Q: 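Before anything else, here's the structure in question.
For clarity, every value in this text was computed on a predicted model and none was experimentally measured.
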Amino acid sequence: RPPARPALKPKRLATRVVRDVFTGDVSLDSCAGTLPCVWLVPHIFSVLGFLLAVFLLSRILREHRPPASTMAWLLSIVLVPYVGVPLYFLIGGRKHRRLAARKNQLYSSGLAADELESMRSLNSIERILLTGGAPRTSSGDRVELWSTGEETFRRILALFDSAKTSIDVSTFILGGDGTGLAVLARLAERASEGIQVRLLLDGLFGFRVKRRDLVTLTRAGGKVAVFMPLLRLPFRGPANLRNHRKIIVVDGEVAVVGGMNLADEYMGELPRTDRWQDVSLLIEGPAVAHIHNVFRSDWSFASGDPATPASYPLHKRVGDATLQVVASGPDVAGDTYYDAILTALFQARERIWIATPYFIPDEAITRGLVLAARRGVDVMLMVPQRSNHLTADIAGGSYLRQIERAGARVRPFLPGMMHAKVTLIDNDMAILGSANLDMRSLFLDYEIAVFIYTRPEIERFQAWFELRLRQCAEKLQEPGTTRALAEDLGRLLAPLM
């Protein structure tokens, strides 16, 4: 028989038991008769769980979430911690200081007194955006609205062909299909000709394009970076903070923004009956510098390259449009984009037209739309009859019905998936960008939008709406009992999404 081990002191004995339980060397059942396993180990786990819950609760309160989201997370962590705590670590984070410290913060907060005084002549939306740190409006831009996937695909490839010095592309999804491979092939061709090509992909949908296809671009001299790769998330931040921005900048002079990703369902050479309805906006002029600044910040964070100042100056006037570029997400100190949207809803006098693929608002936006409809504003929401995410349809159904009952027009788009993100406020402002009108886009993801203040451009968006409304149903379908119950439950869980 081996010699007996010397007796350990209680403190060291407890440490060894906890270590053995964590490492799997011993189970709680095998030591059920020993004193430490009877009371010490459960006590230690209880204390650790309590401290972790207190830490998460304080962190949630500091994140300044919407009240419904804050309450939902607090209750899930307190009442079902074995579900709420892991779920929060996976998808619950919002504004992370350590994450933001590794990425250039796009906007500085606060303005000097003389700057505030000079803004008294601006409208309230411009003031909200400027005081939130967004760039000033740029005058003298030229814009084009691309309303089909075929036109967008053709024009993007033509832009690549026209590049003289650089091509910068950021996309949420790059398909491994005909569209995605055609884009990669054209980028590789231009890189082999000496053009600086940078392709930024979000890490969530990296599986849609094969690695060997990306290697073709890098071997030609292009660069590829992945924004927050999933396998490195424990070291880079929570899984829910995704780069949802879609940006193309050519030579620092021309930019394309909108909601289209580089995949077959969004765009392509030939028409498809199942292609999603979406829009893109080409911009040429001073606003391009602000868009390029957002790309450079994202690229520096993902690639590790130092963030360099813009090598392209603000361009001279090339048109008559007045624009304001607004980014939102963890790299922006506040919720400037959300604040501007909410202000516009409460101030609208004549019209609020919104096209969005996913409608899961918070209570403040819901109340703003309800009150606007009740005071006689023409509130119209164009959403897909059935989107590609059933959970989003269920979560947003009760909100849409509440707004429709208040007197708004809810128009389900019938031909297929409506993926455009466009808003018209009166005859004064149009908004186009990558953000959906849901809590994920408003409070979590990295997004970019363009606010347009000139009448001719606004009228183009109005014409786009009027054409698409001909393909919409007159109202929502009445839900059955099961669907109604699912929508009510989805509304309860929506703040966690």
Q: For Arg375, does the CZ atom sit with more than 12 other heavy atoms under 6.0 Å from it, leaving out its own atoms?
A: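 More than 12 heavy atoms, drawn from other residues, nucleotides or ligands, come within 6.0 Å of this atom.
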Q: Please list, chain by chain and in numerical order, all residues satisfying ring pair (Phe, Tyr, Trp, His ring centres under 6.0 Å) with Trp353, sequence neighbours excluded.
A: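 Ring pair (Phe, Tyr, Trp, His ring centres under 6.0 Å) list for Trp353, sorted by chain: Phe465.
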Q: Can you name the one residue among Leu371, Val379, Ile365 that meets side chain to side chain contact (heavy atoms under 4.5 Å, CB included) with Leu345?
A: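 Considering Leu371, Val379, Ile365, a side chain to side chain contact (heavy atoms under 4.5 Å, CB included) with Leu345 is found only for Ile365.
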Q: Is there a side-chain contact between Leu214 and Leu199, using heavy atoms and a 4.5 Å cut-off?
A: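 A side-chain contact exists here, since the closest heavy-atom pair is under 4.5 Å.
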Q: Check whether any side-chain heavy atom of Ile291 lies under 4.5 Å from a side-chain heavy atom of Ile283, and answer yes or no.
A: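 Of all side-chain heavy-atom pairs linking Ile283 with Ile291, at least one is under 4.5 Å.
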Q: On a heavy-atom basis, which atom in Val288 and which in Val254 lie closest, and how many Å separate them?
A: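 Looking at all heavy atoms of both residues, the shortest contact is CG1-N, 4.0 Å.
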Q: Check the angle between the aromatic planes of His419 and Tyr358 and answer parallel, tilted or perpendicular using the 30° and 60° thresholds.
A: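 Correct class here is perpendicular.
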Q: Could you tell me which non-hydrogen atom of Asn261 sits nearest to which non-hydrogen atom of Ile173, and how far apart they are?
A: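 What the structure gives for the nearest pair is OD1-N, 3.1 Å.
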Q: Mind checking whether Val250 and Ile248 have side chains closer than 4.5 Å, heavy atoms only?
A: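 Yes, side chains in contact.
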Q: Nearest 0.5 angstrom please: Ile354 CD1 to Arg411 CZ, how far?
A: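 Ile354 atom CD1 to Arg411 atom CZ measures 14.0 Å (nearest 0.5 Å).
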Q: Would you say the side-chain atoms of Asn436 pair up with the backbone N or O of Thr356, donor to acceptor, closer than 3.5 Å?
A: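 No, Asn436 side chain to Thr356 backbone: no donor-acceptor pair under 3.5 Å.
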Q: Can I get a per-line list of side-chain donor-acceptor pairs under 3.5 Å for residues 470-479, giving both atom names and the distance, sequence neighbours left out?
A:
none

Q: Tell me whether the rings of Phe227 and Phe301 are parallel (<30°), tilted (30 to 60°) or perpendicular (>60°).
A: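 Plane angle between 30° and 60°, so tilted.
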Q: Kindly indicate, with the supporting measurements, whether the criterion side-chain contact (heavy atoms from CB on, under 4.5 Å) is fulfilled by Thr165 and Ile195.
A: CA-CA 5 Å; Thr165 58; Ile195 302 298; 5.8 Å; no
Q: Do Glu126 and Phe451 have side chains that get closer than 4.5 Å, going by heavy atoms?
A: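 When only atoms from C-beta onward are counted, Phe451 and Glu126 do not touch, as no gap falls below 4.5 Å.
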Q: Is the gap between the ring centers of Phe153 and Tyr266 under 6.0 Å?
A: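 No, they do not, as the ring centres are separated by 6.0 Å or more.
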Q: Would you call Arg245-Asp202 a salt bridge at under 4.0 Å N-O?
A: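 Salt bridge absent between Arg245 and Asp202.
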Q: Taking 4.0 angstrom as the limit, do Arg296 and Asp168 come out as a salt bridge?
A: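 Looking at Asp168 together with Arg296, the answer is no, because their closest N to O distance does not fall below 4.0 Å.
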Q: Charged N to carboxylate O under 4.0 angstrom, Arg155 versus Glu144?
A: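 Glu144 and Arg155: salt-bridged.
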Q: So that I can tick it off, tell me whether Arg483 and Glu487 are bridged by a salt bridge, with the cut-off set at under 4.0 angstrom between side-chain N and carboxylate O.
A: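 Yes, charged N to carboxylate O under 4.0 Å.
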Q: Taking side-chain hydrogen bond (donor to acceptor under 3.5 Å, both in side chains) as the definition, give me every residue that meets it alongside Arg386, ordered by chain and number, with sequence neighbours left out.
A: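 None.
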Q: I'd like to know if the side chain of Asp393 pairs up with that of Ser387 as donor and acceptor (distance under 3.5 Å, no hydrogens or angles considered).
A: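 Yes, side-chain donor-acceptor contact under 3.5 Å.
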Q: What is the distance from atom OG of Ser300 to atom CG of Asp305, rounded to the nearest 0.5 Å?
A: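 Going from OG on Ser300 over to CG on Asp305, the span is 7.0 Å.
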Q: Is any side-chain heavy atom of Arg142 closer than 4.5 Å to a side-chain heavy atom of Leu282?
A: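 Arg142 reaches Leu282 side chain to side chain.
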Q: I need the minimum non-hydrogen distance between Leu414 and Gln385, along with the two atoms involved.
A: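 Closest approach of Leu414 to Gln385: CD2-OE1, 3.9 Å.
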Q: Looking at Arg468 and Ala463, would you say the former's side chain and the latter's main chain have a donor-acceptor pair under 3.5 Å?
A: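 No; judged by distance alone, with no hydrogens or angles, the pair does not exist.
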Q: Going by the salt bridge (Lys or Arg N to Asp or Glu O under 4.0 Å) test, name the single residue among Asp264, Asp177, Asp213 that passes it with Arg208.
A: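 Exactly one candidate clears the test, Asp177.
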Q: Could you go step by step and tell me if Thr216 and Leu184 meet the side-chain contact (heavy atoms from CB on, under 4.5 Å) rule?
A: CA-CA 8 Å; Thr216 302; Leu184 277 175; over 6 Å; no
Q: Tell me whether Glu404 is salt-bridged to Arg409, with the criterion being a basic N under 4.0 Å from an acidic carboxylate O.
A: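 No, Glu404 and Arg409 are not salt-bridged.
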Q: Ignoring hydrogens and angles, state whether a donor on the side chain of Glu447 or Ser434 is under 3.5 Å from an acceptor on the partner side chain.
A: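 Yes - a donor-acceptor pair under 3.5 Å links their side chains.
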Q: Do NZ/NE/NH1/NH2 and the carboxylate oxygens of Arg351 and Asp426 come within less than 4.0 Å?
A: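 So Arg351 does not pair with Asp426 through a salt bridge.
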Q: Hey, what's the ring geometry for Phe295 with Trp299, parallel, tilted or perpendicular (30° and 60° as the breaks)?
A: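 Plane angle under 30°, so parallel.
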Q: Could you walk me through whether His244 and Tyr446 pass ring pair (Phe, Tyr, Trp, His ring centres under 6.0 Å), step by step?
A: CA-CA 6 Å; His244 197 240; Tyr446 297 83; over 10 Å; no
Q: Decide yes or no on side-chain contact (heavy atoms from CB on, under 4.5 Å) for Glu350 and Val377, but give the supporting numbers first.
A: CA-CA 5 Å; Glu350 301 173 2; Val377 176; 5.9 Å; no
Q: Tell me, do Glu269 and Thr179 make a side-chain contact under 4.5 Å, heavy atoms counted?
A: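 Contact flag for Glu269/Thr179 side chains = no.
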Q: Between Ser280 and Thr152, what is the shortest heavy-atom contact and its length?
A: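 That would be OG-CG2, 3.7 Å.
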Q: Please report the shortest heavy-atom distance between Ala420 and Val279, naming the atom on each side.
A: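 Minimum heavy-atom separation between Ala420 and Val279: CB-CG2, 4.1 Å.
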Q: Between Arg317 and Asp320, does at least one N-O distance fall below 4.0 Å, as a salt bridge requires?
A: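 Salt bridge present between Arg317 and Asp320.
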Q: Hey, does the side chain of Arg374 reach the backbone of Gly407 with a donor-acceptor pair shorter than 3.5 angstrom?
A: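 No.
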Q: For the atom pair CE (Met260) and CG (Leu281), what is the distance rounded to the nearest 0.5 Å?
A: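 These two atoms lie 11.0 Å from each other.
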Q: Measure the CD1-CD1 distance between Ile431 and Ile425 for me, rounded to the nearest 0.5 Å.
A: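 Here the rounded value is 6.0 Å.
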Q: Can you find a pair of side-chain heavy atoms, one from Leu469 and one from Met382, that are under 4.5 Å apart?
A: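 Yes, their side chains come closer than 4.5 Å.
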Q: Ignoring hydrogens and geometry beyond distance, is a side-chain donor-acceptor pair present between Thr454 and Glu457 at under 3.5 Å?
A: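 Short answer, yes.
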Q: Hydrogens and angles aside, do Asp141 and Ser138 bring a side-chain donor and acceptor to less than 3.5 Å of each other?
A: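 Indeed, the side chains of Asp141 and Ser138 share at least one donor-acceptor pair under 3.5 Å.
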Q: Would you find a donor on one side and an acceptor on the other, under 3.5 Å apart, between the side chain of Thr218 and the backbone of Val215?
A: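 Indeed, once roles are kept as given, a pair shorter than 3.5 Å links the two residues.
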Q: Please report the interatomic distance CG(Asp428) to CD1(Ile125), rounded to the nearest 0.5 Å.
A: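 The distance works out to 9.5 Å.
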Q: Does the pair Asp274/Arg272 count as a salt bridge with the N-to-O cut at 4.0 Å?
A: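 Yes, Asp274 and Arg272 are salt-bridged.
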Q: So which atom in Met429 and which in Ala344 form the shortest heavy-atom distance, rounded to 0.1 Å?
A: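 Shortest heavy-atom contact: CE-CB, 3.8 Å.
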Q: In terms of ring plane angle, is the pair Tyr338 and Phe443 parallel, tilted or perpendicular, where the classes change at 30° and 60°?
A: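 The arrangement is tilted - the two ring planes meet at 30° to 60°.
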Q: About how many Å separate CG of Leu217 and CZ of Arg186, when rounded to the nearest 0.5 Å?
A: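 Reported value, rounded in 0.5 Å steps: 13.5 Å.
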Q: Given the rule in the side-chain contact (heavy atoms from CB on, under 4.5 Å) test, do Ser441 and Asp438 qualify, once you have shown the distances and angles that lead to the verdict?
A: CA-CA 6 Å; Ser441 283; Asp438 62 12; 3.2 Å; yes
Q: State, with a plain yes or no, whether a side-chain heavy atom of Asn243 is found less than 4.5 Å away from one of Ser170.
A: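 In short, these two side chains touch, coming nearer than 4.5 Å.
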